[in-house]
Amino acid sequence: MGCECGQRHMEAVLKNVGCTVELLAVAAHSGVVNEWDEQTVTRAFHWARYCEHIYSRFHGNPVIRGVLEKQLQLTNHRLKEAFPEYNAVSFLDLGRCQDLLLLWLLNNSALPISIMKMLFETKASADSTSSDYEDVRGLCNQIIQCKSACTVLRPLLGVPSVGADAEVQGEMLMERLGSALSQSSDPRRVEDFLSSVLQEFEVAAEHLCPVIAAALLTTDSAVQTASQDFLLDWLQSRRGVLQHVCTALPSKVLADLAERHQKFRDAFCKLLKKWASEMEYRVTEGEWVHAATNSAVSFQKMTEHYLTLFEACPSLRTEVEDELNAQRIADGDFDVRGLSVWGDILLALRK
């Protein structure tokens with residue numbers, strides 16, 4: 001009787017492991033994940049954790065391990081036929097099943113934006129007490145912590161940093177945009193996709209802008225280069241978003257973007273000249289201020305942008321100063337402070 005019970009238990013284990021591996025394949029390669037909600041994801045991580053428990057319990061038992069490995073071979077063979085790009089799951093992989101599920105989900109372009117946001121929440125929702133949910137967040141935080149270590153080292157290496165979580169989401173944005181570009185030849189559809197993704201990211205200005213910057217600063221592949229080029233064109237066609245980015249990000253990050261991308265450099269220089277042209281001199285305050293009362297751009301900030309830009313792109317300085325001088329001459333060629341914003345910018349840059 002005990003043998004029969006043990007056999008039924010083993011059959012259940014094999015079935016559960018096989019079904020979880022199938023779930024991993026769906027998470028990695030199927031468009032079905034587009035229909036997943038938070039409850040579905042939570043259940044998926046529950047089964048992934050179950051497989052980790054099975055690994056922990058039986059990895060030292062050669063008999064049961066052999067049976068499980070045989071089951072995995074059969075399941076992998078079946079899944080390879082269904083998904084040609086499928087990567088086989090080994091017995092050792094069962095020990096990191098939650099990691100695999102997370103990574104494969106994030107690499108699936110069909111994953112809903114709402115689920116992606118859930119996976120990268122920094123705080124649990126007030127009504128969530130699920131340990132499964134906490135485990136999912138814990139995995140995401142592990143990835144972010146790894147990114148944080150890189151972020152600490154980047155300034156020492158001279159590499160720009162926009163924040164660990166933004167770097168993760170920026171890479172995800174590039175991967176999803178790359179998938180969208182490969183799946184559609186209609187640029188309008190890809191633009192709609194990009195707009196919807198960024199709309200979901202736009203919880204606040206201080207969050208959206210670093211994600212865009214991180215996406216443009218990734219350097220992994222030619223596919224990402226194409227995605228970055230599309231994102232730059234999209235930014236140039238939406239001046240409001242571009243101005244939003246250039247207002248919110250630090251001068252150093254903007255200079256790094258300008259150094260990396262000619263399109264961004266041209267757009268940024270054009271925007272700086274636009275900001276200057278919109279300034280007026282207030283005698284009572286003795287300084288230049290932007291005509292828009294709610295503008296975050298000050299004269300000091302604008303000159304800081306120019307100086308940081310010159311440090312990143314030294315060859316740009318002569319060209320910009322010549323343009324500013326031409327504008328100063330057009331204003332009347334005065335050397336008196338407060339008569340020409342262009343002349344005063346030149347004075348500030350040459351101090």
Side-chain angles (χ1 to χ4, degrees), residues 12-55 71-90 93-121 125 128 130-140 143 168-169 171-186 189-201 223 227:
V13 168
L14 294 175
K15 180 180 178 181
N16 290 337
V17 169
C19 289
T20 304
V21 173
E22 291 173 357
L23 179 66
L24 289 173
V26 169
H29 305 295
S30 175
V32 173
V33 298
N34 187 52
E35 302 173 6
W36 284 19
D37 55 17
E38 185 171 342
Q39 185 179 10
T40 306
V41 173
T42 299
R43 286 200 302 267
F45 277 94
H46 167 82
W47 285 111
R49 195 167 65 257
Y50 168 86
C51 283
E52 291 181 1
H53 172 73
I54 293 300
Y55 171 82
Q71 175 65 44
L72 287 171
Q73 289 176 357
L74 294 172
T75 304
N76 286 328
H77 179 73
R78 186 170 66 253
L79 290 172
K80 188 68 175 178
E81 292 179 345
F83 304 105
E85 65 276 29
Y86 170 76
N87 292 319
V89 174
S90 68
D93 288 333
L94 295 184
R96 59 186 187 103
C97 207
Q98 291 187 87
D99 291 349
L100 288 178
L101 176 58
L102 174 63
L103 294 174
W104 289 357
L105 270 176
L106 295 180
N107 281 322
N108 190 330
S109 61
L111 184 70
I113 300 297
S114 59
I115 298 301
M116 180 164 50
K117 285 178 64 179
M118 183 207 84
L119 292 174
F120 281 94
E121 273 191 315
S125 57
S128 175
S130 167
S131 60
D132 294 337
Y133 182 85
E134 292 297 326
D135 285 342
V136 174
R137 289 199 310 111
L139 281 171
C140 292
I143 290 181
V168 173
Q169 294 187 356
E171 291 174 9
M172 289 165 54
L173 173 60
M174 286 295 93
E175 290 176 3
R176 292 173 66 83
L177 182 56
S179 297
L181 286 169
S182 66
Q183 293 169 12
S184 176
S185 58
D186 185 354
R189 292 188 62 183
V190 183
E191 286 177 2
D192 290 342
F193 163 80
L194 180 57
S195 297
S196 66
V197 170
L198 292 178
Q199 184 177 7
E200 292 290 343
F201 274 130
V223 175
S227 300

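Position 1 is the first residue of the sequence; numbering continues from there. The figures here come from the full heavy-atom set of this structure, side chains too, leaving out hydrogens, waters and symmetry mates.
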Identify the heavy atoms of Ala48 and Leu101 that sit nearest to each other, and give their distance.
-> CB-CD2, 4.1 Å
Test side-chain hydrogen bond (donor to acceptor under 3.5 Å, both in side chains) applied to Tyr86 - qualifying residues, sequence neighbours left out = Asn76
Report yes or no: does Glu52 contribute a side-chain atom to a donor-acceptor pair with the main-chain N or O of Gln98 at less than 3.5 Å?
-> yes
Drop me the distance from Asn87's CG to Leu79's CG, to the nearest 0.5 angstrom.
-> 11.5 Å
Taking all heavy atoms of Asn34 and all of Pro112, pick out the closest pair and write down the distance.
-> O-CG, 3.4 Å
With sequence neighbours excluded, residues passing side chain to side chain contact (heavy atoms under 4.5 Å, CB included) with Glu81 | His77
Working to the nearest 0.5 Å, report the span between CD1 of Ile54 and CG of Leu94.
-> 9.0 Å
By side-chain hydrogen bond (donor to acceptor under 3.5 Å, both in side chains), which residues pair with Asp37, not counting sequence neighbours?
-> Thr40
Crowded around Lys80 NZ? As in, over 12 foreign heavy atoms under 6.0 Å?
-> yes
Do Leu102 and Phe45 touch side chain to side chain, with heavy atoms closer than 4.5 Å?
-> yes
Full working for side-chain contact (heavy atoms from CB on, under 4.5 Å) between Trp47 and Leu24 | CA-CA 10 Å; Trp47 285 111; Leu24 289 173; over 6 Å; no
Any side-chain heavy atom of Ile115 sitting closer than 4.5 Å to one from Leu105?
-> no
Would a 4.5 Å heavy-atom cut-off, applied to side chains only, mark Asn108 and Trp36 as touching?
-> no
For Glu22, enumerate each residue passing the salt bridge (charged side-chain N to carboxylate O under 4.0 Å, His left out) test, keeping only those at least two apart in sequence or located in another chain.
-> Arg78
When every non-hydrogen atom of Thr75 is compared with those of Val21, the smallest separation belongs to CG2-CG1, 3.9 Å
Quick one: side-chain hydrogen bond (donor to acceptor under 3.5 Å, both in side chains) partners of Gln73, sequence neighbours excluded?
-> none
Who passes side-chain hydrogen bond (donor to acceptor under 3.5 Å, both in side chains) against Ser30, sequence neighbours left out?
-> none
Measure the spacing between CG of Leu23 and NE2 of His46 and express it to the nearest 0.5 Å.
-> 11.5 Å
